[in-house]
Undergrad: 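Following this message is one structure expressed as structure tokens.
Below, all heavy atoms of this structure are taken into account, side chains as well, without hydrogens, waters or symmetry copies.
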Amino acid sequence: MKLPFTTDVLIAGAGAAGLTLAIDLARRNVAFRLIDKLPSPFAGSRGKGIQPRSQEIFEDLGVIDRLVAVGGTYPPQREYREDGTYEDSPRMEEHEATPDEPYLIPLMVPQFLTEAVLRERLAEFGHRPNFGCELTAFEQDAEGVTAHVKSADGEETLRVGYLVGMDGGKSYVRHALNIEFPGKTLRVRAMVADVRLEGLGTDAWHRFNEGSMEKQTSFCPLRGTDMFQVQAPIPMKGDINLSAEGLTAWAAARTGREDIVIREVLWASAFNMNARMADKYRVGRVFIGGDAAHIHPPTGGQGLNTSVQDAYNLGWKLAAVINGAPEKLLATYEEERRPIAAEMLGLSTKLLRAAKERGGMRRGRETHQLDLGYPESSLSLNKPARSPELVIAGDRAPDAPIRGAAGQSTRLFKLFQGPHWTLLGYEVDRAAVAPRRDLHIHTVGARGDIIDEGGLVRDGYGLSAGDWVLVRPDGYVGAIVSSSEIAALRRYLDDVGIAPID
């Protein structure tokens with residue numbers, strides 16, 4: 001006899017990825033449990049860069065302003081020469097925000113602050129993570145997953161619809177599924193530590209001996225705190241003294257300066273860098289994501305961001321299927337996210353190689369993740385075919401300033417914000433698409449509710465009269481069709497579970 005469902009989704013791992021998934025499910029009124037075997041939240045700054053695409057996601061989830069408030073922008077990098085002189089330069093290429101790309105600031109938020117903001121947002125939906133609660137075993141069948149967890153209160157058996165392992169690089173869920181994790185060890189061992197120190201100002205990211213894998217080291221002020229993150233390659237073998245006294249002596253040996261004094265070590269880790277990606281992201285009703293599915297070096301600041309976007313891709317699909325959408329929708333999670341992980345793994349490995357050969361490098365647009373998309377996905381429909389120079393299905397949906405018919409200024413991103421799909425019609429017959437559940441319809445043109453002053457929507461999307469643009473809940477274009485292909489649009493909506501209203 002099978003147990004009745006305890007909840008719809010069990011999420012193992014309450015880091016940034018697990019919290020993002022939980023928030024997305026919570027705002028869709030999907031029942032879930034979020035557990036983590038750690039006794040308390042992670043206290044380190046391991047992932048501190050929030051890329052522009054992730055900033056857009058965090059706007060949709062309602063936390064971008066909070067994250068900017070608790071964090072800050074990256075300082076310039078200050079490279080010291082052997083004689084003690086130095087040169088300052090931007091860490092990232094500087095670009096002004098544009099109407100279609102509103103977030104181009106190099107945002108730094110230490111991981112423990114990011115996760116604290118996400119936990120606060122989750123609490124606003126009436127949920128919290130269960131720390132000190134470990135997944136110890138699970139079995140699945142055609143109807144659900146039976147999961148066994150233990151905590152200080154004892155052992156518990158849960159019957160859930162789906163299990164998602166966001167439980168880190170050593171993922172129990174991945175191991176239990178016997179999913180291969182091929183890749184390679186990059187023969188680079190590194191140390192990272194959060195410290196309070198004296199002798200360096202917070203106006204720069206201090207970098208010494210760039211290009212030397214034996215002596216390279218950096219001290220980055222952590223925005224929103226009075227701490228620095230210390231980073232350095234270290235020998236492949238041997239113990240590293242990570243105490244305040246040990247790191248003070250180590251800093252003097254690396255920099256030649258006696259005035260840098262480590263007063264307190266709040267978190268520290270020595271680790272080997274790897275580049276690995278799981279062979280699959282799903283087995284039946286069990287999924288993996290984040291570091292459980294891919295690990296790569298920290299160069300380029302891609303790890304936390306890629307993990308958050310895994311969760312953002314999976315959340316709406318799980319909710320849709322739980323609410324009656326076809327099961328095949330879940331297959332598109334691996335179809336879309338695994339190639340992205342492969343690309344990010346290649347990028348971070350390339351940046352690591354460049355750092356080893358030439359020292360610190362400015363990060364460019366390739367790290368922003370704005371140009372990533374799903375044009376080859378089975379969820380991407382162009383009818384008729386469009387020039388690749390234009391926005392096509394699978395691309396990130398651009399933002400644009402608009403005005404409502406009542407006269408108030410707003411943005412496309414405000415129309416997209418929330419758990420729904422959005423359908424934009426440009427000089428169309430609005431009655432051609434009947435109302436559907438979870439679909440917000442907006443039109444530009446005669447009797448339209450949107451005024452496209454300056455033509456930024458038209459030009460940004462490359463639209464002609466009669467075109468319809470369907471934007472997915474995760475801010476990517478699902479379909480672009482002409483009015484002559486409206487039947488294809490209706491079939492698409494049926495296939496993803498956007499049902500007509502009876």
Undergrad: Nearest 0.5 Å, what's the CG-CZ distance between Asp399 and Arg411?
TA: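 With rounding to 0.5 Å, CG (Asp399) is 4.5 Å from CZ (Arg411).
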Undergrad: Sequence neighbours left out, what passes salt bridge (charged side-chain N to carboxylate O under 4.0 Å, His left out) with Arg437? Give chain and number order.
TA: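 If we apply the salt bridge (charged side-chain N to carboxylate O under 4.0 Å, His left out) test to Arg437, skipping adjacent residues, there are no hits.
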Undergrad: Which atom pair, heavy atoms only, marks the closest approach of Val457 to Ala400?
TA: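 Result for this residue pair: CG2-CB, 4.0 Å.
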Undergrad: Under 3.5 Å, is there a donor-acceptor pair linking the side chains of Arg159 and Thr146?
TA: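 There is such a pair between these side chains.
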Undergrad: Which word best sums up how the rings of Phe287 and Tyr162 line up, parallel for under 30°, tilted for 30 to 60°, or perpendicular for over 60°?
TA: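 Answer is tilted, since the angle falls between 30° and 60°.
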Undergrad: List in chain and number order the residues that pass salt bridge (charged side-chain N to carboxylate O under 4.0 Å, His left out) with Glu335, two or more places apart in sequence or in another chain; answer none if no residue qualifies.
TA: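 Partners of Glu335 under the salt bridge (charged side-chain N to carboxylate O under 4.0 Å, His left out) test: none.
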Undergrad: Only one of Asp60, Asp474, Asp24 passes side-chain hydrogen bond (donor to acceptor under 3.5 Å, both in side chains) with Tyr312; say which it is.
TA: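 The option that passes is Asp60.
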Undergrad: Please say whether more than 12 non-hydrogen atoms of neighbouring residues, nucleotides or ligands are located less than 6.0 Å from CD in Glu155.
TA: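 No, because the 6.0 Å sphere around CD of Glu155 holds 12 heavy atoms or fewer from other groups.
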Undergrad: Once you round to the nearest 0.5 Å, how far does CG of Asp167 lie from CG of Leu135?
TA: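 Those atoms lie 7.5 Å apart.
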Undergrad: Over 60° means perpendicular and under 30° means parallel, so tell me whether His440 and His442 are parallel, tilted or perpendicular.
TA: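 Answer is perpendicular, since the angle exceeds 60°.
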Undergrad: Do the non-hydrogen side-chain atoms of Pro500 and Asp494 ever get within less than 4.5 Å of each other?
TA: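 Side chain of Pro500 against side chain of Asp494, heavy atoms only: contact under 4.5 Å found.
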Undergrad: Test Leu21 against Leu34 for side-chain contact (heavy atoms from CB on, under 4.5 Å), laying out the working first.
TA: CA-CA 9 Å; Leu21 179 58; Leu34 174 61; over 6 Å; no
Undergrad: Check the surroundings of atom CD in Glu376: do more than 12 heavy atoms from other residues, nucleotides or ligands lie under 6.0 Å from it?
TA: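 Result for CD/Glu376: open.
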Undergrad: Looking at Glu115 and Arg46, is any side-chain nitrogen of the basic one under 4.0 Å from a carboxylate oxygen of the acidic one?
TA: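 No salt bridge links Arg46 with Glu115.
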Undergrad: Can you label the angle between the His206 ring and the Phe228 ring as parallel, tilted or perpendicular, going by 30° and 60°?
TA: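 Plane angle between 30° and 60°, so tilted.
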Undergrad: Between Asp291 and Ser171, is a side-chain contact (heavy atoms from CB on, under 4.5 Å) present by the stated rule, with each step listed?
TA: CA-CA 8 Å; Asp291 287 352; Ser171 171; over 6 Å; no
Undergrad: Using a 6.0 Å cut-off, check whether atom CG of Asp65 has over 12 heavy atoms from anything other than its own residue.
TA: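 No, not enclosed.
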Undergrad: Under the ring pair (Phe, Tyr, Trp, His ring centres under 6.0 Å) test, which residues partner Tyr281, sequence neighbours left out?
TA: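 Ring pair (Phe, Tyr, Trp, His ring centres under 6.0 Å) list for Tyr281, sorted by chain: Tyr333.
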Undergrad: Of all residues at least two apart in sequence or in a different chain, which pass the side chain to side chain donor-acceptor pair (under 3.5 Å) check with Asp495?
TA: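 Not a single residue meets the side chain to side chain donor-acceptor pair (under 3.5 Å) criterion with Asp495.
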Undergrad: Of all heavy-atom pairs between Ala397 and Phe416, which one has the smallest distance, and what is that distance?
TA: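 Residues Ala397 and Phe416, closest heavy atoms: CB-CE1, 3.9 Å.
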Undergrad: Which residues satisfy the salt bridge (charged side-chain N to carboxylate O under 4.0 Å, His left out) test with Lys414, sequence neighbours excluded?
TA: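 By the salt bridge (charged side-chain N to carboxylate O under 4.0 Å, His left out) rule, Lys414 matches Glu59.
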Undergrad: Could you grab the distance from atom CZ of Phe413 to atom OG1 of Thr422, nearest 0.5 Å is fine?
TA: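 So the CZ of Phe413 and the OG1 of Thr422 are separated by 11.0 Å.
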Undergrad: With Ile402 as reference, evaluate Ile451, Leu415, Leu456 under the side-chain contact (heavy atoms from CB on, under 4.5 Å) test and give the passing residue.
TA: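 In the set Ile451, Leu415, Leu456, the residue that makes a side-chain contact (heavy atoms from CB on, under 4.5 Å) with Ile402 is Leu415.
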Undergrad: Kindly determine whether Lys170 and Phe181 satisfy side-chain contact (heavy atoms from CB on, under 4.5 Å), including the steps that lead there.
TA: CA-CA 10 Å; Lys170 297 180 180 180; Phe181 203 39; over 6 Å; no
Undergrad: In chain order, what residues pass the salt bridge (charged side-chain N to carboxylate O under 4.0 Å, His left out) check against Glu56, with sequence neighbours excluded?
TA: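 Expected list: Arg53, Arg396.
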Undergrad: Pick one: which of Glu334, Glu336, Arg337 meets side-chain hydrogen bond (donor to acceptor under 3.5 Å, both in side chains) with Asn313?
TA: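 Option passing the side-chain hydrogen bond (donor to acceptor under 3.5 Å, both in side chains) with Asn313: Glu336.
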